[in-house]
Protein chains: 2
Amino acid sequence: MTDVPDNEHTPSGPGKRPTINDVAHLAGVSKKTVSRVINRVATVGEDVRERVDNAICALGFTPNLQARSLAFRRSFLVGLIYDNPSPTYVVNMQLGVLDALGPLGFELVVHPCSREAPSLLDDIRGFVERQRLAGAILPPPLSEDERIIALLRELGCRYVRVAALALDEPEAMVTTNDQLGAAEAARWLVDQGHRRIALVRGPSSFCSSEVRGQGFLSALAERGITLDPACDVAGAYTFESGVEMGHRLLGLADPPTAIFALNDDMAIGVMQAARERGLDLPAQLSIVGFDDLPMAARVWPNLTSVRLPIREMGNMAALKLLAPIVGDALEPLSLPDVRPALVLRQSAIALPGAEPPR
Amino acid sequence: MTDVPDNEHTPSGPGKRPTINDVAHLAGVSKKTVSRVINRVATVGEDVRERVDNAICALGFTPNLQARSLAFRRSFLVGLIYDNPSPTYVVNMQLGVLDALGPLGFELVVHPCSREAPSLLDDIRGFVERQRLAGAILPPPLSEDERIIALLRELGCRYVRVAALALDEPEAMVTTNDQLGAAEAARWLVDQGHRRIALVRGPSSFCSSEVRGQGFLSALAERGITLDPACDVAGAYTFESGVEMGHRLLGLADPPTAIFALNDDMAIGVMQAARERGLDLPAQLSIVGFDDLPMAARVWPNLTSVRLPIREMGNMAALKLLAPIVGDALEPLSLPDVRPALVLRQSAIALPGAEPPR
DNA sequence: CTGAAAGCGCTTACAG
DNA sequence: CTGAAAGCGCTTACAG
């Protein structure tokens, strides 16, 4: 009474996917050998491998991930664990990670969480244990939290950290070289004739703020310029704090002709403060930000800003994470370049009356 | 020579997690009964259930997800399949979905893809089949693609669509009522005395553009206002197209006093066009957008815009998706409200000389 | 280089 | 209401 004949070599019924057994029967080998072919174990005869590959194609077989995960005691999932307030950052990092995962047959599980939460560590522990992650990727600021790193080590969960500084061994790090971008901004401003320059830092607890600030000051020093302490202030990486610091700097007896804010949110806050004080932008004040958010190209005047290749950084993190797992499936790991770049727009210009840059 | 005594009731060795067998032994029942307790099957004696619960607590047992996935032939993963250019939208939807998934023990796998890609359907098929998703959530514009819906049905994959219109049965839909927000914007502009009003639509292929436009026109009509056809234009939901349409509208012999753009990117483009034409904003032109991007509060003048509760929409989608799966674990499904709201800022003001609103 | 057996940790199907 | 057996589809450990 069944339309489909019961055949032990081909799976029957709708929704039935072929298994490793079907492939083994069709190729005339044991399932263990099929398993070896799937897992690219070298010690399989050329002719046998070809028979198996043909059978796999003929049946349209794809190994069941759940079964492999159970037997391997590890899933084919990579976790992105983050506490980052910037949607653009998060989405671009996800895209970069997926660029690498897709071809390797891994998927991305996202796990936003809160640094402040008392349950942070328990939360991450539960996530990693339940999912038996193949690995975790940690963007800043979570990448700077050594408690989390210690936890991942304890759980035996591989990880890669993304941070402005090399906080870990190279295999477990993507270092973003923020200091290079900040230095480029400094040099550019000096070349435009600016001498009285101000810096709006982020919270000192953020590695990125320290590294960017350091890069900026060093580059200025190389040009023989030191910052007036009154021109070295810190906000909270937020728009509102940018407004506040902008007012503080522009209210100085001898206000700066240029302000470098260590992220775009604060730079746009500075812009707002300048406008509230009736300044003509960019004629009376040059402003440079960091991050190159989409917003930077939309505000008026368009914001000159340092761009980090977030997507490439995510890609690199994923490649480093999976390199030891997938082995030969990966080319000699051609890692993308992740150097920052200054994107010139209208918010920063040459100081009126300045010499043209050398 | 082993420090840890081998005991069949407690797992030994580091990294060894207790299994259902350990719980069964400790509670003095079969593993099947433990399974019943885990899965909240009703037919378990009260005393037995308590013994099992105690054993679970004592051992710190959590069921192995990989094993359950294999036996259930379904994972505990929800897929978010999208092709949405707005990072803010994507991140907020992810957060909303996770608000619901976390407490239920499910995780979120993100799957961005491209509508244009010829491999779109194969790509989605592979994703859904390999992961054996518990379900998929589709935000616009993918939610409007009936080919994808047909595919998911064929694969037996549960789904919930998020869209401006009710495109599916209520259990599989989160309808965002965009027309209500557009109507609110229309009424507000009219109340401020505006009569010559323009509309910048998005692509007609987007459901959201049609629904928002419809809501806007209807509300104007109720106040006895019809749009001059020259004031009804369409962009591409991009900043650049907003600039272009802004110039077209402001170049009319009798330009509008207010422009409603169906998303913020275009509204900010219109703002740019107005500035390029030397208009004084908002005095000479009121502008209203839709989406309430973070940028809306940062541009100058701040953009009045319609906000959609994206996070709540994601939450609602996830709750609807899992309701039939988790059953009683869910309260009588107290679904959040997902009505849009007009956020008043500085970019739109009363027409000079207009009567104060009723 | 290849394979038969046992196992990963759960659930389904069937009894009782 | 509870359980012993078989099974989900793979891999590990051990042989040969």
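Because the structure is predicted, anything quoted here is derived from the model rather than measured. Proteins get letters first, then strands, A, B, ... in listed order; numbering begins at 1 in each.
Annotation: salt bridge (charged side-chain N to carboxylate O under 4.0 Å, His left out) contacts involving residues 24-33 of chain B, sequence neighbours excluded, are absent. Sorted by first and then second residue, the ring pair (Phe, Tyr, Trp, His ring centres under 6.0 Å) pairs involving residues 114-136 of chain A (not counting sequence neighbours) are A/H111-A/F127. For residues 138-148 of chain B, every residue pair satisfying the salt bridge (charged side-chain N to carboxylate O under 4.0 Å, His left out) rule, not counting sequence neighbours, is listed here: B/D145-B/R147, B/E146-B/R161.
In this view, A/N54 and A/E50 satisfy the side-chain contact (heavy atoms from CB on, under 4.5 Å) rule, not counting sequence neighbours. Residues satisfying the side-chain contact (heavy atoms from CB on, under 4.5 Å) criterion with B/E169, sequence neighbours excluded, are B/E171, B/A172. For B/L80, the side-chain contact (heavy atoms from CB on, under 4.5 Å) partners at least two apart in sequence or on another chain are B/Y82, B/M93, B/Q94, B/L108, B/I137, B/P139. Under the salt bridge (Lys or Arg N to Asp or Glu O under 4.0 Å) criterion, A/R73 pairs with no residue, sequence neighbours left out.
A salt bridge is absent between A/R40 and A/D53: the closest approach of a Lys/Arg side-chain nitrogen to an acidic carboxylate oxygen does not fall below 4.0 angstrom.
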Handout entry: Letter per nucleotide, 5' to 3', of nucleotides 4-16 of chain D [B base touched, S only sugar-phosphate touched, - untouched; heavy atoms, 4.0 Å]
Key = B---BBBBB----

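Note: NE2 (B/H25) to C1' (D/dG3) measures 13 Å, nearest angstrom.
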Exercise for the section: Treat a base pair as Watson-Crick or G-U wobble with both distances under 3.5 Å, then lay out DNA chain C in dot-bracket form, 5' to 3', with | for cross-strand pairs. Expected result: |||.||||||||.|||

